[in-house]
Q: 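This is the structure I want to talk about, given as structure tokens.
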There are 2 protein chains.
Amino acid sequence: MTADSATIDSADSSFRSVVAATGEPVGAAFATHGPDDVAAACASAEDAFDTYRASDRETRARFLERIGEEIVAIGDDLIVAAMRESGLPRARLEGERGRTVGQLKLFAGVVRSGAWLGLRIDPAMPERQPLPRPDLRLRMIPLGPVAVFGASNFPLAFSTAGGDTASALAAGCPVVVKGHPAHPQTGALVADAIRRAVAACGLPAGVFSHLVGPGNALGTALVTDPRIAAVGFTGSRGGGLALLALAQARAVPIPVYAEMSSINPVVLLPAALKARGAALGTAFVGSLTMGAGQFCTNPGLVLAIDGEGLDAFVTAASHAVVEADAGLMLTTGIHAAYQHGVDALAGRPEVETVARGKAGNGITRGQAAFFSTTAAAFLAEKALGHEVFGASSILVKCQDEAELARVIAGLEGQLTATLHMDADDEPAAARLLPMLERRVGRILANGWPTGVEVAHAMVHGGPYPATSDARTTSVGSLAIDRFLRPVSYQNLAQGVLPPELRDAAAQDGVPCLRDGTPSLD
Amino acid sequence: MTADSATIDSADSSFRSVVAATGEPVGAAFATHGPDDVAAACASAEDAFDTYRASDRETRARFLERIGEEIVAIGDDLIVAAMRESGLPRARLEGERGRTVGQLKLFAGVVRSGAWLGLRIDPAMPERQPLPRPDLRLRMIPLGPVAVFGASNFPLAFSTAGGDTASALAAGCPVVVKGHPAHPQTGALVADAIRRAVAACGLPAGVFSHLVGPGNALGTALVTDPRIAAVGFTGSRGGGLALLALAQARAVPIPVYAEMSSINPVVLLPAALKARGAALGTAFVGSLTMGAGQFCTNPGLVLAIDGEGLDAFVTAASHAVVEADAGLMLTTGIHAAYQHGVDALAGRPEVETVARGKAGNGITRGQAAFFSTTAAAFLAEKALGHEVFGASSILVKCQDEAELARVIAGLEGQLTATLHMDADDEPAAARLLPMLERRVGRILANGWPTGVEVAHAMVHGGPYPATSDARTTSVGSLAIDRFLRPVSYQNLAQGVLPPELRDAAAQDGVPCLRDGTPSLD
């Protein structure tokens with residue numbers, strides 16, 4: 001998902017935007033940023049850090065809202081650029097713009113609430129025996145400048161002003177974005193909007209920087225810059241693990257929050273399958289082929305016990321796949337990887353190709369694919385469980401619940417697991433739940449994993465290798481915690497304490513744990 | 001801090017307890033646990049995990065309290081064993097036992113409060129346009145079995161039933177302790193107490209296992225066992241970094257919480273120095289030599305601007321150091337490392353040996369050391385800032401606040417920073433605070449860093465290399481968060497939801513973020 005998606009001029013390393021549908025370059029060339037640009041952006045972010053993190057909550061919240069307003073103010077030029085560069089349709093991108101702005105507003109609300117400060121106050125006990133207790137006060141502080149690597153599959157909501165940027169800025173961290181080369185024009189428009197918001201809110205310019213270029217050198221320089229304190233990434237497993245290795249090898253290692261890969265098992269429990277196998281099959285393909293299957297939460301694995309309703313599911317799903325138009329994929333590189341993955345599965349003797357979608361015209365059209373195999377085969381060959389990014393999924397037929405449990409137990413970490421279930425399936429669901437909890441970040445019932453709500457109770461994360469750090473989420477308000485760490489202040493004079501920990505600040509509605517008891521004043 | 005502290009029989013790898021004061025082996029031999037023992041302990045922990053994490057909060061809280069009761073019930077045998085093995089005096093170890101029991105009680109209270117569950121509920125909005133919002137509920141779940149490596153310098157409070165064990169058990173994680181070979185008898189007594197508590201509370205035996213042996217093979221096998229989900233460690237930088245490397249190289253990497261090294265800068269600000277230089281000097285040496293200087297938070301670095309009061313500080317500190325008895329150190333290995341570190345500093349031409357304490361009789365007596373150098377020399381030579389574990393400290397004289405700031409800016413991550421200050425020093429303290437915050441986990445004023453309160457607002461942690469993960473603490477109630485991760489449940493039936501997320505469970509006083517608003521019902 002890197003250089004292949006941009007057209008590079010070998011003379012000066014400049015590169016051009018590429019039309020997703022045709023692979024043709026279009027528009028003016030973008031200059032590739034080099035090591036000096038990385039150093040300058042990181043120095044600027046470092047310079048801005050103390051000023052930015054000291055900004056009051058209202059200023060920071062208004063800044064986030066202003067970014068959203070500036071993005072909306074770009075108007076249709078942004079949608080047109082994103083359509084051209086990503087191949088995604090207008091309605092989807094307009095929706096994604098709404099999601100991006102909504103996400104910024106959510107974090108503005110989070111910033112205002114002050115809950116992220118994690119305030120704790122243990123008052124002094126000067127008379128305590130055998131020793132007095134000191135006055136102890138704790139708050140969370142931002143880690144420092146954050147490097148954000150945008151994703152190609154959400155050119156707005158997971159890219160330049162996406163969830164990683166919004167949550168890092170909310171935490172008080174300056175952000176240096178490594179723009180995705182698959183949508184340089186879209187990224188440039190959004191970066192300009194953020195810069196306008198920075199200026200309008202009177203914040204230092206170093207709060208936000210935007211670096212672009214194809215290839216890996218830029219990202220390597222960014223992650224290894226000593227001023228960078230954390231990394232947010234959404235993309236391939238190879239890319240995420242490369243950044244993780246760089247971050248761990250630094251003189252001072254830093255956290256990497258990489259959302260990497262997932263096949264998102266969908267479990268069809270017997271009663272649900274019996275009651276509505278055909279309807280589930282049709283709905284499944286709707287989720288599978290949405291956006292050409294280019295979602296982190298795409299249902300790439302279906303698990304079912306062979307029994308009543310499974311034939312109906314397979315028949316309906318096959319019919320829907322056969323009818324599915326070939327989706328326009330994001331880049332020629334992603335399309336080629338998809339083709340490679342599908343061909344590899346189709347070529348395996350233990351895998352049956354149940355149905356293929358319509359072939360499309362155009363070099364990035366992805367033909368949907370639906371495979372089937374047995375649990376025994378799936379358990380024997382790890383490769384059957386690898387992500388094929390795009391509209392490809394494999395049904396694993398199990399003989400009974402025990403075999404289903406063995407398949408689940410053998411899964412790698414995933415973003416999601418889905419249960420299709422009726423009331424009669426509740427005992428089986430309850431038995432499977434502890435296993436699923438340990439392997440995924442989100443468990444959903446009677447829906448499809450491809451809708452990821454930006455909310456307080458959302459987890460878009462999960463055990464390795466779905467992400468590099470299962471302890472958090474990259475979507476939803478909890479994502480702010482990734483960029484914070486605790487500091488304790490002992491017996492500090494009121495005038496030296498951070499403002500939110502002073503006695504006089506205690507009445508502004510920010511949650512605080514006082515001597516171990518939650519309070520809201 | 002490993003093999004040197006135990007006497008190993010090369011025939012059968014058994015080892016014996018060693019008297020700290022003499023280096024002589026005593027008592028019966030302990031069998032060294034091997035790879036099969038590690039595998040059995042980890043399998044047992046894994047088997048116990050789902051049962052233990054499903055235990056209700058009251059059962060788990062009572063279990064923690066029962067561990068404390070069982071430790072107290074051991075009686076004086078525990079204190080006598082710990083005195084013999086650690087060389088620490090009775091009063092200190094009785095106090096440490098109280099701290100250990102208090103820590104278990106603190107976590108019992110934390111478990112009961114349920115705040116660690118991090119409950120979040122975003123109710124469904126079926127009528128929302130353009131799409132309905134699903135019902136989303138979030139809780140934190142425990143990571144899985146935790147490996148704990150005890151510290152030699154707190155044979156009770158940071159060892160077998162110490163802070164890491166208590167917080168992991170509180171989180172719902174089974175614990176496999178790698179007992180410290182410097183106090184095998186103490187560790188065995190405490191491990192038996194925990195096992196009695198496990199049985200008394202009707203919990204599966206795998207909730208707690210205790211492995212012992214000198215050398216590194218045991219720890220390596222433990223950290224690389226695929227069933228281990230996280231590691232807690234307190235000890236040397238070398239040991240911590242070795243465990244971190246092992247954990248990162250696993251097929252599935254796991255978090256390592258290693259508390260490693262710190263020199264804990266103490267800043268003497270001008271007005272305070274002028275007002276009470278001599279008193280500060282005397283008090284400083286009290287903190288420096290307490291417990292033979294064997295505290296993670298020992299004040300190994302003093303920073304001051306050359307001016308009025310500094311001579312009085314140095315004179316008083318020198319006098320106190322000269323009068324200081326040589327402290328009994330924990331092991332011959334720790335003593336040898338201390339001697340090596342002190343000799344290296346004393347041999348440097350740019351370092352002045354200001355004072356040495358009394359020489360002691362006995363092979364583990366550590367002679368206190370107080371050095372002095374200039375800011376220019378300290379900035380030029382990184383080795384002057386390395387931890388010398390024991391009662392050694394170096395004064396760095398700065399010419400002005402700008403030079404003081406440069407010294408602080410050049411420091412590695414630390415557990416603590418201390419400011420000695422008067423009202424007139426507040427402007428300088430406020431200027432230094434943002435720099436200190438980024439380099440330490442706890443900032444204290446007009447005290448000494450060697451007292452670490454077990455409290456809600458405590459941070460015993462800090463940026464690398466003070467710890468391997470600055471995002472948390474190893475002391476205080478916040479330590480439980482290290483062993484938890486979020487899971488989101490979408491549209492799950494009431495009967496399948498975890499009990500604490502069901503509608504009927506909403507009234508038991510556990511904090512919950514409802515649609516983004518904190519509530520306590």
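Sequence lines set the chain letters: A, B, ... in the order given, protein chains first and strands last, and positions in each chain run from 1.
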Q: Under a 4.5 Å heavy-atom cutoff, which of G476(A), P463(A), S468(A), G144(A) has the most pairs with chain B?
A: P463(A)

Q: Against chain A, label I141(B) side chain, backbone, both or neither, depending on which of its atoms sit under 4.5 Å from a heavy atom there.
A: side chain

Q: Picking from N491(B), L419(B), V487(B), which has the most non-hydrogen pairs under 4.5 angstrom with chain A?
A: V487(B)

Q: Report the option among L478(B), L433(B), N446(B), T517(B) that has the most heavy-atom pairs separated by less than 4.5 Å from atoms of chain A.
A: L478(B)

Q: Please look at R250(B) and chain A and tell me whether the side chain, the backbone, both or neither of the residue comes under 4.5 angstrom of a heavy atom of that chain.
A: neither

Q: Measure A251(B) against the heavy atoms of chain A and call it side chain, backbone, both or neither at under 4.5 Å.
A: backbone

Q: At a heavy-atom separation under 4.5 Å, does S477(B) approach chain A through its side chain, its backbone, both, or neither?
A: both

Q: Below 4.5 Å from any heavy atom of chain A, which atoms of R438(B) appear? Answer side chain, backbone, both or neither.
A: both

Q: Do R485(A) and T472(B) have a side chain donor and acceptor closer than 3.5 Å?
A: no

Q: Please say which of R442(A), H456(A), E453(A), H460(A) ends up in a side chain to side chain contact (heavy atoms under 4.5 Å, CB included) with S488(B).
A: R442(A)

Q: Side chain, backbone, both or neither: which part of I443(A) has a non-hydrogen atom closer than 4.5 Å to chain B?
A: both

Q: Using non-hydrogen atoms and a 4.5 Å limit, figure out which bit of V440(B) sits close to chain A: side chain, backbone, both or neither.
A: backbone

Q: Can you say whether A115(B) sits under 4.5 Å from chain A via the side chain, the backbone, both, or neither, judging by heavy atoms?
A: neither

Q: What part of L492(B) gets closer than 4.5 Å to chain A, counting heavy atoms only: side chain, backbone, both or neither?
A: both

